[in-house]
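Structure first, commentary second.
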Amino acid sequence: MIRCGIGYDVHRLVEGRKLVLGGVEISYDRGLDGHSDADVLSHAIADALLGAMGEGDIGQHFPNTDEKIRGISSLEILRHVRSLLSEKNARATNIDATLIAEAPALQPHIQKMRAKIAGALACDVSCISIKATTNEGLGALGRGEGIASIATALVEDV
């Protein structure tokens, strides 16, 4: 059986935090605020995969009320999702994700993001597609107040 899921995440940009997207630390004057490393790309992908399996969302698996996981790497979240897939005899076959940010320029980091995410999910990098766009100056994202990501995932039984 083949199943699909969709995920979305958005976090506010704040001073004093590292900017991590797709497991890659990106040099920028602000980072994303959140309980974990606030990696919106990895969060959207995790939610898409969890949705495809009917397993809820990352908030159910990694609640922001759990102080033991404060600052957790979102690649660790993806590894947990990969374990859930494996327990259900399933695997990710395709992920398509889009980052939405006015700045910084993300294109130079996309290949490294693809490799990190593929490593966390134990799949070939060719299964991971990541694009970046802006919000054309519209709304909070357009004003550079945050970064968002949306992702779709295909999961198949093995």
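Here the structure is a predicted model, which means the values were calculated and not measured.
- Note: Lys116 NZ to His109 NE2 = 13.0 Å, rounded to the nearest 0.5 Å.
- Looking at Leu19 and Glu25, their side chains never come closer than 4.5 Å, going by heavy atoms from C-beta outward.
- Here the CG-CD distance, from Leu78 to Glu76, works out to 9.5 Å after rounding to the nearest 0.5 Å.
- Taking CD1 of Ile117 as the start and CG of Leu75 as the end, the distance is 7.5 Å to the nearest 0.5 Å.
- Between Leu99 and Thr133 there is no side-chain heavy-atom pair separated by less than 4.5 Å.
- Considering all non-hydrogen atoms of both residues, Ile77 and Ala46 come closest at CG2-CB, 4.0 Å.
- Contacts classified as salt bridge (Lys or Arg N to Asp or Glu O under 4.0 Å) and involving residues 39-57 (residues at least two apart or in different chains) are given here: Glu55-Lys88.
- The side chain to side chain donor-acceptor pair (under 3.5 Å) search around Thr93 returns none, not counting sequence neighbours.
- More than 12 heavy atoms of other residues, nucleotides or ligands sit less than 6.0 Å from atom CD of Gln60.
- No continuous path of ILVMFWY side-chain contacts below 4.5 Å connects Val24 to Val20, so the two sit in separate hydrophobic clusters.
- With rounding to the nearest 0.5 angstrom, the OG atom of Ser74 is 10.5 Å from the CD1 atom of Ile45.
- Residues forming a side chain to side chain donor-acceptor pair (under 3.5 Å) with Thr152 (at least two apart in sequence, or on another chain): none.
- Leu41 and Leu154 fall into different hydrophobic clusters, where Ile, Leu, Val, Met, Phe, Trp and Tyr residues are linked whenever their side-chain heavy atoms come under 4.5 Å apart, directly or through other members.
- Contact annotation: the side chain of Asp66 never approaches that of Asn64 to less than 4.5 Å [non-hydrogen atoms, C-beta and beyond].
- To the nearest 0.5 Å, atom CG of residue Leu84 and atom CG of residue Leu49 are 10.0 Å apart.
- Side-chain contacts under 4.5 Å among hydrophobic residues (ILVMFWY), followed directly or transitively, place Met1 with no other residue at all.
- Not counting sequence neighbours, the partners of Arg143 by the salt bridge (charged side-chain N to carboxylate O under 4.0 Å, His left out) test are Glu145.
- With a 4.5 Å cut-off on side-chain heavy atoms, Leu13 and Asp33 do not count as touching.
- No donor-acceptor pair under 3.5 Å is formed between the side chain of Arg30 and the backbone N or O of Arg12.
- The backbone N or O of Ala101 sits nowhere less than 3.5 Å from a side-chain atom of Thr134 that would complete a donor-acceptor pair.
- Applying the side chain to side chain donor-acceptor pair (under 3.5 Å) rule to Lys18 yields no partners; only residues at least two apart in sequence or on another chain are considered.
- Residue pairs meeting the salt bridge (Lys or Arg N to Asp or Glu O under 4.0 Å) criterion with at least one member in residues 127-141, sequence neighbours excluded: Asp96-Lys131.
- Residue Ile6 is found in a hydrophobic cluster whose other members, listed by chain and number, are Tyr8, Val10, Ile100, Leu141, Ile150; membership requires side-chain heavy atoms under 4.5 Å apart, directly or through intermediates.
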_Residues Leu85, Val155; criterion side-chain contact (heavy atoms from CB on, under 4.5 Å); working and verdict_ = CA-CA 8 Å; Leu85 281 164; Val155 171; 3.5 Å; yes
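- When all heavy atoms of Ala48 and Gly7 are compared, the closest pair comes out as CB-N, 3.6 Å.
- Listed here is the closest heavy atom pair of Ala44 and Ser149: CB-O, 3.6 Å.
- Annotation: salt bridge (charged side-chain N to carboxylate O under 4.0 Å, His left out) contacts of Glu102 (sequence neighbours excluded): none.
- Inter-residue side-chain proximity for Leu50 and His61 is flagged as met; some heavy-atom pair is nearer than 4.5 Å.
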Donor-acceptor contacts, no H, no angles, side chain residues 121-128, under 3.5 Å, sequence neighbours left out:
from, atom 1, to, atom 2, distance (Å)
Asp124, OD1, Ser126, N, 2.8
Asp124, OD1, Ser126, OG, 2.7

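- Between the side chain of Arg82 and the backbone N or O of Ala120, at least one donor-acceptor pair lies under 3.5 Å.
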_The test is side-chain contact (heavy atoms from CB on, under 4.5 Å); show your working for Glu15 and Asp29 and say whether it passes._
CA-CA 7 Å; Glu15 292 182 9; Asp29 64 341; over 6 Å; no
*Quick one: do Asp37 and Ile72 satisfy side-chain contact (heavy atoms from CB on, under 4.5 Å)? Show the steps, please.*
CA-CA 6 Å; Asp37 61 8; Ile72 188 173; over 6 Å; no
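- Residues in residues 146-158 take part in these salt bridge (Lys or Arg N to Asp or Glu O under 4.0 Å) pairs, two or more places apart or across chains: Arg3-Asp157, Arg91-Glu156.
- Closest of all the heavy-atom pairs between Gly5 and Ala52 is N-CB, 3.7 Å.
- Taking the side chain as every heavy atom from C-beta outward, Phe62 and His80 approach each other to under 4.5 Å.
- Annotation: side-chain contact (heavy atoms from CB on, under 4.5 Å) contacts of His11 (sequence neighbours excluded): Asp9, Leu32, Ala38, Val40, His43.
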